[in-house]
Amino acid sequence: MRGNRTTRSCALALVLTLAGTLTGCGGDGGGGSGGKVSLRFTWWGNPDRAARTEAAVKLFEQRHPDIDIATSFAGFDTYKAKLATQAAGGDAPDVMQLDYRQINQYATSGILLNLGEHSELRTSEIDKGLLATGVVDGKQYALPVARGTETVAYDAALWRKAGVPAPTLTWTWDDWADAMRKLSASRATQGRVGSTDPGQSEDVFEIWLRSRGKSLYTKDEKLGFTADDLTRYWEWCTKLRKEGAVVPAEQTTQMDGTVENTPLGRLKSVSDFNWDAPTSGYAPIVGEGLKLAPLPVGDDGTPGQYFKPSMFFGASAKTAHPKQAAQFIDFLLNDKKAGAILGATRGIPANDAIRQDVLPKLEGFDQVISTYQKQFEGKLKDPPPAPPKGDASLQTTFSRDYDQVSYERMSPREAAQNYITEAKAELRQ
């Protein structure tokens with residue numbers, strides 16, 4: 001709880017500092033004589049992201065006094081479930097933050113606005129490769145906000161005290177497992193185990209698959225792995241859990257998509273797997289010892305991780321104010337002052353001009369993320385296509401089935417076969 005209070009206090013201070021710098025910003029009127037337009041804007045993230053986003057929203061409202069932005073945010077799991085409920089009920093927010101794995105499903109279900117029809121949105125400065133990931137059936141339904149990649153966030157101070165060699169670009173999954181065993185066995189780690197259990201994460205499983213030359217999905221949107229592959233992965237995780245190298249089931253089932261409720265965030269583990277941008281939320285909890293390491297590679301050196309859009313912005317197809325929604329998204333992605341406020345809290349900006357402007361000015365953990373990404377330039381394989389419709393719900397299925405394994409209610413093979421059956425049905429294979 002102490003770590004959570006510290007995070008919220010830091011976030012509040014950041015809001016006040018950022019918002020204070022905006023006092024006196026002039027507005028361009030924004031047009032509109034029929035009263036104020038209200039837009040709902042929702043996103044997931046940690047308190048740092050919330051603080052920066054609220055400051056950027058304040059600047060937009062100052063420039064557009066005819067537009068009010070009602071904001072809300074939550075941890076990823078809570079956000080994903082709530083957005084799915086809103087979308088199913090025809091009440092999706094006007095502007096929403098979207099995950100890579102939601103684009104196809106929401107676009108083909110008629111939930112997202114075709115942003116390509118709105119001239120208010122400028123895309124010329126957005127990386128073309130990233131921009132294409134928001135296109136479904138030839139229409140631009142979502143715009144990439146930033147670029148991100150996965151990481152192992154860890155307490156380097158405890159790592160050193162335990163005498164464990166620092167991670168490298170070429171460490172393998174076996175190297176990682178050995179490090180987790182040594183960390184868990186060391187008195188220097190003060191009773192913490194090595195890592196969060198990766199068995200519950202479809203994201204980590206995908207990296208593990210790619211490092212073995214396989215994929216989560218094929219190009220024709222079918223499963224790219226077998227029950228044997230998943231069984232092997234969950235058996236490996238189970239062995240580590242029983243050895244005490246990763247946290248027990250009681251820890252992973254408390255996770256809700258926020259960094260505060262991960263084992264590392266609760267100071268129960270020394271490290272955790274996550275995407276790079278959200279790891280800023282660990283900083284107030286872990287302290288100056290927080291470092292980022294690459295994910296392990298395959299035995300032959302094949303890297304599994306990749307750069308992907310860290311997230312997207314999209315708009316509801318049912319919004320009553322599509323022009324204003326497009327204006328707001330354009331501001332978040334293309335305005336230099338907004339870029340300076342938001343920094344790298346959602347990842348390194350996808351907008352080339354904003355990225356070049358922002359990178360030299362990054363401070364604190366934003367600079368850590370930038371440096372972390374630079375080491376991978378030209379070394380990672382291309383990202384996979386956007387996942388097929390149905391994958392968003394399969395992420396939940398993946399975690400649920402592994403819970404059955406971690407509580408020893410099902411064997412890894414039984415759970416793997418169950419997942420494959422449900423996945424094929426969801427994907428209509």
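Worth saying up front: this structure is predicted, and the values here are computed from it rather than measured.
For Glu363, the CD atom is loosely surrounded, since the number of other residues' heavy atoms within 6.0 Å does not exceed 12. Other residues, nucleotides and ligands contribute only 12 or fewer heavy atoms inside 6.0 Å of the NZ atom of Lys291. Within 6.0 Å of NZ in Lys128 there are more than 12 heavy atoms belonging to other residues, nucleotides or ligands. In the displayed structure, Asp137 atom CG is contacted under 6.0 Å by at most 12 heavy atoms of other residues, nucleotides or ligands.
Considering every non-hydrogen atom in both Thr108 and Val136, the closest pair reads CG2-CG1, 4.0 Å. Between Val152 and Tyr154, the closest heavy-atom pair is O-CD2, 3.6 Å. When all heavy atoms of Leu362 and Ala344 are compared, the closest pair comes out as CD2-N, 4.1 Å. The two residues Leu264 and Thr196 have their closest heavy-atom pair at N-OG1, 4.4 Å. Between Ala283 and Leu290 the shortest heavy-atom distance is N-CD2, 3.6 Å. Contact record, Trp176 with Leu240: CZ3-CD1, 3.5 Å, taken as the closest heavy-atom pair.
Between the Thr123 side chain and the Ile126 main chain, no donor and acceptor come within less than 3.5 Å of each other. The backbone N or O of Gly298 lies less than 3.5 Å from no partner atom in the side chain of Thr172, so there is not a single donor-acceptor pair. For the pair Thr149 (side chain) and Tyr306 (backbone), a donor-acceptor distance under 3.5 Å is present. Looking only at distances, a side-chain donor or acceptor of Ser184 sits under 3.5 Å from a matching main-chain atom of Met180. For Thr151 (side chain) and Ala293 (main-chain N/O), a donor-acceptor pair under 3.5 Å exists by modelled atom type. Between the Arg181 side chain and the Ala245 main chain, no donor and acceptor come within less than 3.5 Å of each other. A distance-only check finds a donor-acceptor pair linking the side chain of Gln375 to the backbone of Tyr372 [under 3.5 Å]. Within the 3.5 Å criterion, the main-chain N or O of Asn261 finds a donor-acceptor partner in the side chain of Arg266. The backbone N or O of Ala325 lies less than 3.5 Å from no partner atom in the side chain of Glu120, so there is not a single donor-acceptor pair. With hydrogens and angles ignored, the 3.5 Å screen pairs no side-chain donor or acceptor of Glu221 with any backbone N or O of Thr218.
Because its NZ or CZ atom is not both nearer than 6.0 Å to the ring centre of Trp208 and within 45° of the ring axis, Lys214 does not count as a cation-pi partner of that residue.
Val57 has its side chain within reach of Phe328: a pair of non-hydrogen atoms, C-beta onward, lies under 4.5 Å apart. Between Val259 and Asn274 the shortest side-chain heavy-atom distance falls below 4.5 Å. Contact of the Leu59 side chain with the Gln62 side chain is registered, since non-hydrogen atoms from C-beta on lie closer than 4.5 Å. Looking at Tyr282 and Asn46, their side chains never come closer than 4.5 Å, going by heavy atoms from C-beta outward. Counting heavy atoms from C-beta outward, Ser72 and Phe41 have side chains that stay 4.5 Å or more apart. The shortest distance between side-chain heavy atoms of Arg212 and Thr302 does not fall below 4.5 Å. Counting only heavy atoms from C-beta outward, the side chains of Leu332 and Phe313 approach each other to under 4.5 Å. For the pair Pro198/Val246, a side-chain contact is recorded, criterion being any heavy-atom separation below 4.5 Å from C-beta on.
Side-chain contact annotation: Thr253 with Tyr407, donor-acceptor N/O pair under 3.5 Å present. Between the side chains of Asp391 and Tyr217, at least one donor N or O sits under 3.5 Å from an acceptor N or O. Side-chain atoms of Asp276 and Gln373 form a donor-acceptor pair, as typed in the model, at a separation below 3.5 Å. Between Asp203 and Ser201, the side chains place no donor N or O within less than 3.5 Å of an acceptor N or O (distance only, hydrogens not considered).
Taking a cutoff of 4.0 Å between a charged side-chain nitrogen and a carboxylate oxygen, Asp229 and Arg232 qualify as a salt bridge. Looking at Lys80 and Asp99, no side-chain N of the basic residue comes within less than 4.0 Å of a carboxylate O on the acidic one, giving no salt bridge. The pair Lys308-Glu150 does not count as a salt bridge, with every side-chain nitrogen at least 4.0 angstrom from each carboxylate oxygen. Remark: Lys361 does not engage Asp366 in a salt bridge, criterion side-chain N to carboxylate O under 4.0 Å. Taking 4.0 Å as the cut-off between side-chain N and carboxylate O, Glu117 and Lys323 do not count as a salt-bridged pair. Checked for salt-bridge contact, Arg101 and Glu202 meet the test: a charged N lies under 4.0 Å from a carboxylate O. A salt bridge between Arg40 and Asp91 is present, with a side-chain N of the basic residue lying under 4.0 Å from a carboxylate O of the acidic one. A salt bridge is absent between Glu54 and Lys58; no separation between the charged side-chain nitrogens and carboxylate oxygens falls under 4.0 Å.
Taken to the nearest 0.5 Å, the CD atom of Gln97 stands 5.5 Å off from the CZ atom of Arg49. With rounding to the nearest 0.5 angstrom, the CG atom of Leu98 is 6.5 Å from the CG atom of Leu83. Between the CD atom of Gln324 and the CZ atom of Phe331 there is a distance of 15.5 Å, given to the nearest 0.5 Å. In this structure, CD in Glu243 is found 3.5 Å from NZ in Lys239, a value given to the nearest 0.5 Å. Considering CD1 of Ile329 and CZ of Phe60, their distance stands at 10.0 Å, rounded to 0.5 Å. Atom CG of Asp335 is separated from atom CD1 of Ile354 by 7.0 Å, given to the nearest 0.5 angstrom.
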> Do Phe376 and Leu169 pass the side chain to side chain contact (heavy atoms under 4.5 Å, CB included) test, and can you show the C-alpha distance, the side-chain angles, and the key distance before you say yes or no?
Replying inline: CA-CA 9 Å; Phe376 300 117; Leu169 272 171; 3.4 Å; yes

>> With salt bridge (Lys or Arg N to Asp or Glu O under 4.0 Å) as the criterion, how do Asp48 and Arg52 come out once you've worked through the C-alpha distance, each side chain's angles and the decisive distance to 0.1 Å?
In response: CA-CA 6 Å; Asp48 171 74; Arg52 293 174 180 271; 3.4 Å; yes

> Does the side-chain hydrogen bond (donor to acceptor under 3.5 Å, both in side chains) test come out yes or no for Ser310 and Trp275, once each step is laid out?
Replying inline: CA-CA 8 Å; Ser310 58; Trp275 292 94; over 6 Å; no

>> The test is side chain to side chain contact (heavy atoms under 4.5 Å, CB included); show your working for Leu112 and Met96 and say whether it passes.
In response: CA-CA 10 Å; Leu112 297 179; Met96 65 198 91; 4.1 Å; yes

> Are Arg400 and Glu422 close enough, and set up right, to give a salt bridge (Lys or Arg N to Asp or Glu O under 4.0 Å), and what steps lead you there?
Replying inline: CA-CA 12 Å; Arg400 183 205 67 196; Glu422 291 199 31; 2.7 Å; yes

>> Quick one, Glu426 with Lys222, criterion salt bridge (Lys or Arg N to Asp or Glu O under 4.0 Å). Give me CA distance, side-chain angles, the key distance, then yes/no.
In response: CA-CA 11 Å; Glu426 184 70 37; Lys222 294 183 178 181; over 6 Å; no

> Given the rule in the side chain to side chain contact (heavy atoms under 4.5 Å, CB included) test, do Phe225 and Ser215 qualify, once you have shown the distances and angles that lead to the verdict?
Replying inline: CA-CA 7 Å; Phe225 62 95; Ser215 61; over 6 Å; no

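Residues Trp234 and Phe398 place their aromatic rings such that the two centres sit under 6.0 Å apart. Aromatic pair Phe73/Tyr79: centroids not less than 6.0 angstrom apart.
The aromatic rings of Tyr233 and Phe205 lie tilted to each other, with the angle between the two planes from 30° to 60°.
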